[in-house]
Undergrad: 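Structure in structure tokens, see below.
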Amino acid sequence: MSKTGVKKMLLTLGAVITALAAGWYALFGLKPYTVTASDISQRYAYTLSQPVDVTLQPDDNNGYHFYYSSFDGARVNGYMRLPQTVSGASQPLPVLIGAHAMGRAHVRWWQDSYKQRPTRESTDKITAMALAKGYAVVTIDARNHGERKDPEHSIVDIINNLHWWGEREPYEQMLIDTVRDHRVLLDWLSSQPQFDATRIDIAGYSMGAQVSLLLAAVDTRIKRVAAVVPPHMSNRTAIVAPLSLLSGMADNPVLLLSANDDEYASEKENMQLFNALPNIDKLHYKFAGGHLLPAGYVQHFEQWL
């Protein structure tokens, strides 16, 4: 084949690929959209037919495995531990809620490994630090995670369908319902006299950081937020993009920890988030590397807690 023929073939192939890509985007590509304050209020709202009934199962570590029925009847499981100083304490305890990363489970806030796989996020170290400083620490499994996995709709399926076929509703609903599960948990926590309802903070890693920011934005019972490497969410999934909800965080001091080579959020995107946080009481620590921060990042929680 002559050079001219090869060029024509490549041009034709390029045109076909371009046409296929345009067709795919027209049919399946995620399109940007906007949300209003009314949209946010409606999507994150919940109702309960009766007060939250949390079943507690004590263990030998000053902790409790627990479960409760959420706003839609779904069973939510979790674990809570009280600081050793709680015996004889006269003041209500501050609370730290820990929110886990995508594909992980709430046990990652309690163990340095799970099923022989290390907890590389080092969130268990944050838990130990918080307990030593007198916090009660509480964690739950997110929707479709840990003990709540749905084998018919795995996380891999949800993410693949989101990016390949534009099916954003399952992904968005998973996060919205996880936030609402936490709101139901807050109903119970704020009603218990042993906890200080004015000092309920939340810390999260990756998806947990996203959930933490969303929860603080829609529920005034969260006071402070520590967001560790939150993934950047554009307005293609606007209802679960923290940037869409930041107006609700005017009263929330925020600690943001990010990486300069994070595959889920660029330096520019992290700065955009930090600059948009409405409360002037905010800190931003940056680390070299990717989405998995060096274990030493937890040292910044010493002062934050």
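The shown structure was predicted, so the numbers you read here are calculated from the model rather than taken from an experiment.
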Undergrad: Any donor-acceptor pair under 3.5 Å linking the side chain of R148 with the backbone of R75?
TA: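 Yes: the side chain of R148 pairs with the backbone of R75.
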Undergrad: Could you state the interatomic distance from CG (N252) to CG (L246), rounded to the nearest 0.5 Å?
TA: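 Separation between the atoms: 10.0 Å.
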Undergrad: Quick one: do E121 and R108 satisfy salt bridge (Lys or Arg N to Asp or Glu O under 4.0 Å)? Show the steps, please.
TA: CA-CA 8 Å; E121 308 95 313; R108 294 295 183 175; 5.2 Å; no
Undergrad: Would a hydrophobic clustering, with Ile, Leu, Val, Met, Phe, Trp and Tyr connected at side-chain separations under 4.5 Å, put L96 with L82?
TA: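 No, separate clusters.
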Undergrad: Check whether T36 reaches the backbone of D39 with its side chain - one donor and one acceptor, N or O, closer than 3.5 Å.
TA: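 At least one qualifying donor-acceptor pair exists.
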Undergrad: Consider only side-chain heavy atoms of I, L, V, M, F, W and Y, link residues closer than 4.5 Å, and tell whether L243 and V229 are in one cluster.
TA: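 No, L243 and V229 fall in different hydrophobic clusters.
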Undergrad: Would H182 and Y44 count as a ring-ring contact (aromatic ring centres under 6.0 Å, His included) if you check the C-alpha gap in whole Å, the side-chain angles of each, and the deciding distance to 0.1 Å?
TA: CA-CA 11 Å; H182 279 89; Y44 286 93; over 10 Å; no
Undergrad: Name all residues meeting the ring pair (Phe, Tyr, Trp, His ring centres under 6.0 Å) criterion together with H153; count only those two or more places apart in sequence or in a different chain, and write none if there are none.
TA: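 Counting only residues at least two positions away or on another chain, H153 forms no ring pair (Phe, Tyr, Trp, His ring centres under 6.0 Å).
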Undergrad: Could you walk me through whether Q42 and S38 pass side chain to side chain donor-acceptor pair (under 3.5 Å), step by step?
TA: CA-CA 6 Å; Q42 290 177 18; S38 176; 3.1 Å; yes
Undergrad: Contact between I140 and F66 at the side-chain level, heavy atoms closer than 4.5 Å - yes or no?
TA: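 Yes - at least one pair of side-chain heavy atoms lies under 4.5 Å apart.
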Undergrad: In Å, rounded to the nearest 0.5 Å, how long is the span from CG of N270 to CG of N260?
TA: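 It is 9.5 Å, given to the nearest 0.5 Å.
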Undergrad: Quick one: does W109's side chain get under 4.5 Å of D124's, heavy atoms only?
TA: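 They are not in side-chain contact.
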Undergrad: Calculate, to the nearest 0.5 Å, the distance between atoms CD1 and CE belonging to I159 and M174 respectively.
TA: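 Interatomic distance, I159 CD1 to M174 CE, rounded to 0.5 Å: 5.5 Å.
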Undergrad: Any donor and acceptor pair, going by atom type alone, linking the side chain of S234 with main-chain N or O of R236 inside 3.5 Å?
TA: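 Here the side-chain-to-backbone pair exists.
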Undergrad: What about the rings of Y79 and W110, do their centers lie closer together than 6.0 Å?
TA: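 Centroid distance Y79-W110: below 6.0 Å, so yes.
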Undergrad: Checking side chain to side chain contact (heavy atoms under 4.5 Å, CB included) for the pair K133/E302: CA distance, chi angles, key distance, verdict?
TA: CA-CA 9 Å; K133 289 181 176 289; E302 277 285 354; 3.1 Å; yes
Undergrad: Checking side-chain contact (heavy atoms from CB on, under 4.5 Å) against V240, which of I176, V35, L213 comes through?
TA: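 Running side-chain contact (heavy atoms from CB on, under 4.5 Å) over I176, V35, L213 with V240 returns exactly one hit, I176.
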Undergrad: When rounded to the nearest 0.5 angstrom, what distance separates CZ in R221 from CD1 in I202?
TA: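 Taking CZ in R221 and CD1 in I202, the distance rounds to 12.0 Å.
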Undergrad: What distance separates Q111 CD from T119 OG1, expressed to the nearest 0.5 Å?
TA: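 If we round to the nearest 0.5 Å, Q111:CD and T119:OG1 are 7.0 Å apart.
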Undergrad: Given 3.5 Å as the limit, does a donor-acceptor pair link the side chain of N144 with the main chain of D150, or not?
TA: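 Yes, the answer is positive, given that a donor and an acceptor are paired below the 3.5 Å cut-off.
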Undergrad: When you measure from the side chain of S154 to the backbone of D157, do you find a donor-acceptor pair of N or O atoms at a distance under 3.5 Å?
TA: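 Yes.
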Undergrad: Just by modelled atom types, is the L175 backbone N or O under 3.5 Å from a matching donor or acceptor in the R180 side chain?
TA: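 Answer holds: no.
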Undergrad: Please confirm whether the backbone N or O of P83 pairs with a side-chain atom of N62, one donor and one acceptor, at under 3.5 Å?
TA: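 Yes; at least one donor-acceptor contact below 3.5 Å.
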Undergrad: Please test R43 against E169 for salt bridge (Lys or Arg N to Asp or Glu O under 4.0 Å), starting from the C-alpha separation and ending with a verdict.
TA: CA-CA 12 Å; R43 290 296 298 275; E169 182 61 22; 3.6 Å; yes
Undergrad: State plainly whether one hydrophobic cluster holds both M129 and Y285, where clusters connect Ile, Leu, Val, Met, Phe, Trp and Tyr through side-chain heavy atoms under 4.5 angstrom apart.
TA: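 Yes; Y285 is reachable from M129 via cluster members.
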Undergrad: May I ask you to decide whether E267 forms a salt bridge with K286, counting only side-chain N to carboxylate O separations under 4.0 Å?
TA: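 No.
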Undergrad: So H291 and Y264, would you call those rings parallel, tilted or perpendicular, with 30° and 60° as cut-offs?
TA: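 Rings of H291 and Y264: perpendicular, as their planes differ by over 60°.
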Undergrad: Between I126 and L131, is there shared hydrophobic-cluster membership here, with clusters defined by ILVMFWY side-chain heavy atoms closer than 4.5 Å?
TA: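 Yes, same cluster.
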Undergrad: Can you name the one residue among D72, D187, D181 that meets side chain to side chain donor-acceptor pair (under 3.5 Å) with Y46?
TA: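 Considering D72, D187, D181, a side chain to side chain donor-acceptor pair (under 3.5 Å) with Y46 is found only for D187.
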Undergrad: Keeping S212 on the side-chain end and G208 on the backbone end, is there a donor-acceptor pair under 3.5 Å?
TA: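 Looks like yes, one N/O pair under 3.5 Å.
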Undergrad: Under 3.5 Å, is there a donor-acceptor pair between the side chain of D262 and the main chain of S266?
TA: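 Flag not set: sc D262 to bb S266 has no pair under 3.5 Å.
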Undergrad: I'd like to know if the side chain of T139 reaches the main chain of G78, judged simply by a donor and an acceptor atom lying under 3.5 Å from each other, with no hydrogens or angles considered.
TA: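 No, T139 side chain to G78 backbone: no donor-acceptor pair under 3.5 Å.
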Undergrad: Does either side chain, that of T123 or that of H100, offer a donor lying less than 3.5 Å from an acceptor on the other one?
TA: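 The answer is no; no qualifying pair exists.
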Undergrad: With rounding to the nearest 0.5 angstrom, report the OH to CG distance, Y68 to L185.
TA: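 Rounded to the nearest 0.5 Å, the OH-CG separation comes out at 4.5 Å.
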Undergrad: Give me the ring orientation class for F301 and Y297: parallel if the planes are under 30° apart, tilted from 30 to 60°, perpendicular past 60°.
TA: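 Correct class here is perpendicular.
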Undergrad: Stepwise, does the salt bridge (Lys or Arg N to Asp or Glu O under 4.0 Å) test hold for R183 with D219?
TA: CA-CA 7 Å; R183 297 194 73 183; D219 202 306; 2.8 Å; yes
Undergrad: Is there a path from L256 to I97 through hydrophobic residues (I, L, V, M, F, W, Y) whose side chains come within less than 4.5 Å of each other?
TA: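 Looking at the clustering, I97 is in the same group as L256.
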